[in-house]
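Naming: A, B, ... by sequence-line order, numbering from 1 per chain.
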There are 2 protein chains.
Amino acid sequence: MPDNPMSQSGQSLLFLTDEQLRKGIEAMFFAYRGFTADPDRILADMEYGRAHHRAIHFIHRSPGTTVNNLLSILGVTKQSLNRVLRTLIEDGLVESRVGKEDKRERHLHLTIKGAELERSLSDAQRDRMRAAYRAAGPVAVAGFRQVLEAMMDHDLRRHYDTLKDRGA
Amino acid sequence: MPDNPMSQSGQSLLFLTDEQLRKGIEAMFFAYRGFTADPDRILADMEYGRAHHRAIHFIHRSPGTTVNNLLSILGVTKQSLNRVLRTLIEDGLVESRVGKEDKRERHLHLTIKGAELERSLSDAQRDRMRAAYRAAGPVAVAGFRQVLEAMMDHDLRRHYDTLKDRGA
DNA sequence: CTTGGAATGTCAACAAGGCTGACTTATCCT
DNA sequence: AGGATAAGTCAGCCTTGTTGACATTCCAAG
């Protein structure tokens, strides 16, 4: 069946061509813009940016996480994170509690107000994701996740997997 | 077959849960970091950044494109693009030719030197993409593209489609 | 044919959010 | 007691986004 591009041989030949790979690269670029567009719009009205969104997301995801842990998840420097964290704490969106076991540590939690913002940001982002999932269907979604997971750096993949199954 | 998560009913119930959507969001976040990591490493050694990479990519992709067209593809202001473009032109990676029909326009082309950098950047990025594609397989790749395409903003999707099939 | 508006591209100045490096404070652990 | 670790801070830099003002060119209405 040499004419059917979906045949085994056709698949194995075509999906790794430079042309296919380049389309994948451009798809990532354009899709990521869409992915961040809705939260960005919400944040633009406040004095926050994408960095605040990321911090809020992962604090919500791992309540009580330490600054150090957040640092390695986000992959930024401590100074960068600290600037963001300081404004979030000052504005009463995030609470920093001295560690009970180890008093050097600070455990981060969202306040009610912080959880509200997290909710509105993730609602917006999930709405788009849901529409994309629905349009593409469950088989496509499984493939989407597989490729993304294979694309991650080893270290980030570890963080992703650690978060992955909590509460699933 | 109520126990098989891959059954029709299981699929249609599970792939749109908030939990599934949140995992997709995190997969996008971590995968995008991997996606840009290799070109970023190359660029860090020079005095360029990700913005230069994007400009070079799309000039390579659409030789002779105007500044205005590039602007709407990249979705930045013309001042932002101009700064990047100016350094690329000064360094002899990009050539800007006054339009023949409309002298207000500037048509952009990569020089030999520019094409060499483009090559090394896209080689690095394609290598990672190829490994991910190979690991996930052709069916997953098709799904990956479907979900990403459904996630794009309408305007960006138009640009993506316009680029999509040239030379494929 | 000229003149005014629209379009294209350039320059100047500023802000967000990355980065490095040096340092302090508090705490833990050997 | 003393080194290692967690967090926070200050200073200063770079990239890359922003807005506003401006020059050039085109085109169409008077």
Side-chain angles (χ1 to χ4, degrees), chain A residues 29 32-33 36-37 39-57 59 64-91 94-109, chain B residues 29 32-33 36-37 39-59 64-91 94-109 121:
Chain A
F29 171 70
Y32 199 77
R33 294 258 301 281
T36 57
D40 281 356
R41 257 189 294 277
I42 295 174
L43 292 160
D45 294 337
M46 331 174 70
E47 56 189 8
Y48 299 140
R50 211 174 284 176
H52 299 82
H53 181 195
R54 290 194 285 257
I56 287 174
H57 175 98
I59 293 172
T65 184
T66 63
V67 173
N68 243 356
N69 185 45
L70 200 51
L71 235 38
S72 74
I73 289 176
L74 295 176
V76 297
T77 58
K78 160 174 82 152
Q79 295 82 342
S80 247
L81 176 58
N82 200 255
R83 190 189 311 142
V84 165
L85 229 38
R86 190 167 32 196
T87 68
L88 290 175
I89 291 170
E90 278 169 9
D91 296 350
V94 168
E95 196 189 345
S96 167
R97 303 181 193 156
V98 173
K100 208 169 177 182
E101 315 249 309
D102 187 333
K103 290 178 188 164
R104 292 172 302 178
E105 293 180 343
R106 299 292 181 277
H107 298 276
L108 304 171
H109 298 264
Chain B
F29 172 71
Y32 199 78
R33 295 258 301 279
T36 57
D40 281 356
R41 259 190 292 277
I42 296 175
L43 290 160
D45 294 337
M46 330 175 72
E47 56 190 7
Y48 298 140
R50 210 175 283 176
H52 299 82
H53 181 196
R54 292 196 284 258
I56 287 174
H57 176 98
F58 287 107
I59 293 172
T65 186
T66 62
V67 173
N68 237 2
N69 184 46
L70 202 51
L71 235 38
S72 72
I73 289 175
L74 296 175
V76 295
T77 58
K78 62 187 163 168
Q79 294 78 353
S80 234
L81 175 57
N82 197 255
R83 187 193 309 124
V84 165
L85 233 35
R86 189 171 30 198
T87 68
L88 290 175
I89 291 169
E90 279 169 8
D91 297 351
V94 168
E95 195 187 347
S96 166
R97 303 180 194 157
V98 173
K100 210 170 176 182
E101 315 249 312
D102 187 333
K103 288 177 187 164
R104 291 173 302 181
E105 294 179 342
R106 300 289 181 277
H107 298 277
L108 304 170
H109 299 264
L121 292 171

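- If you take CG of B:L88 and P of C:dT10, they are 13 Å apart, rounded to a whole angstrom.
- Note that the two end axes of the helix from C:dC1-D:dG30 to C:dT30-D:dA1 enclose an angle of 10°, each drawn from 5 base pairs, rounded to 10 degrees.
- Scanning residues 96-104 of chain B for heavy-atom distances under 4.0 Å to DNA chain C yields B:R104.
- One can place CD of A:E105 at 11 Å from P of D:dG8, the figure rounded to the nearest angstrom.
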For this session: Quick one: do B:T65 and B:H107 satisfy side chain to side chain contact (heavy atoms under 4.5 Å, CB included)? Show the steps, please.
Result: CA-CA 5 Å; B:T65 186; B:H107 298 277; over 6 Å; no
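- For residues 71-84 of chain B, the pairs satisfying side-chain hydrogen bond (donor to acceptor under 3.5 Å, both in side chains) are B:S72-B:H159, with sequence neighbours left out.
- A straight line from CZ of B:R41 to C1' of C:dC19 spans 16 Å, rounded to a whole angstrom.
- Under the side-chain hydrogen bond (donor to acceptor under 3.5 Å, both in side chains) criterion, B:T66 pairs with no residue at all, not counting sequence neighbours.
- Applying the side-chain contact (heavy atoms from CB on, under 4.5 Å) test to A:T36 and every residue at least two apart in sequence or in another chain returns A:Y32, A:D40, A:R50.
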Problem set entry | B:V94 and B:V84: CA distance, side-chain angles, deciding distance, side chain to side chain contact (heavy atoms under 4.5 Å, CB included) verdict | CA-CA 11 Å; B:V94 168; B:V84 165; over 6 Å; no
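- Residue B:N82 places at least one side-chain N or O under 4.0 Å from the OP1 or OP2 atom of C:dT10.
- Under the salt bridge (Lys or Arg N to Asp or Glu O under 4.0 Å) criterion, A:D102 pairs with A:R104, not counting sequence neighbours.
- Counting heavy atoms from C-beta on, the side chains of B:E47 and B:D91 come closer than 4.5 Å.
- A:F29 pairs by the ring-ring contact (aromatic ring centres under 6.0 Å, His included) definition with B:F58, not counting sequence neighbours.
- The CG atom of B:N68 sits 14 Å away from the C1' atom of D:dC26 (whole-angstrom rounding).
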For this session: Mark up nucleotides 13-18 of chain C, 5' to 3', with B wherever a protein heavy atom is under 4.0 angstrom from a base atom, S wherever such an atom reaches only the sugar-phosphate, and - elsewhere.
Result: B---BB
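- The side-chain hydrogen bond (donor to acceptor under 3.5 Å, both in side chains) test applied to A:S96 returns no partner, not counting sequence neighbours.
- The CG-P distance, from B:L108 to C:dT8, rounds to 14 Å in whole Å.
- For the atom pair CZ (A:R54) and CG (A:L70), the distance works out to 11.0 Å, reported to the nearest 0.5 Å.
- Between A:L85 atom CG and D:dT9 atom C1' there is a gap of 14 Å when expressed in whole angstrom units.
- For the pair B:N69 CG and C:dG9 C1', the computed distance is 14 Å after rounding to whole Å.
- If you take CZ of A:R86 and C1' of D:dA7, they are 12 Å apart, rounded to a whole angstrom.
- Shown here are the side-chain hydrogen bond (donor to acceptor under 3.5 Å, both in side chains) partners of B:H57, two or more places apart in sequence or in another chain: A:E26.
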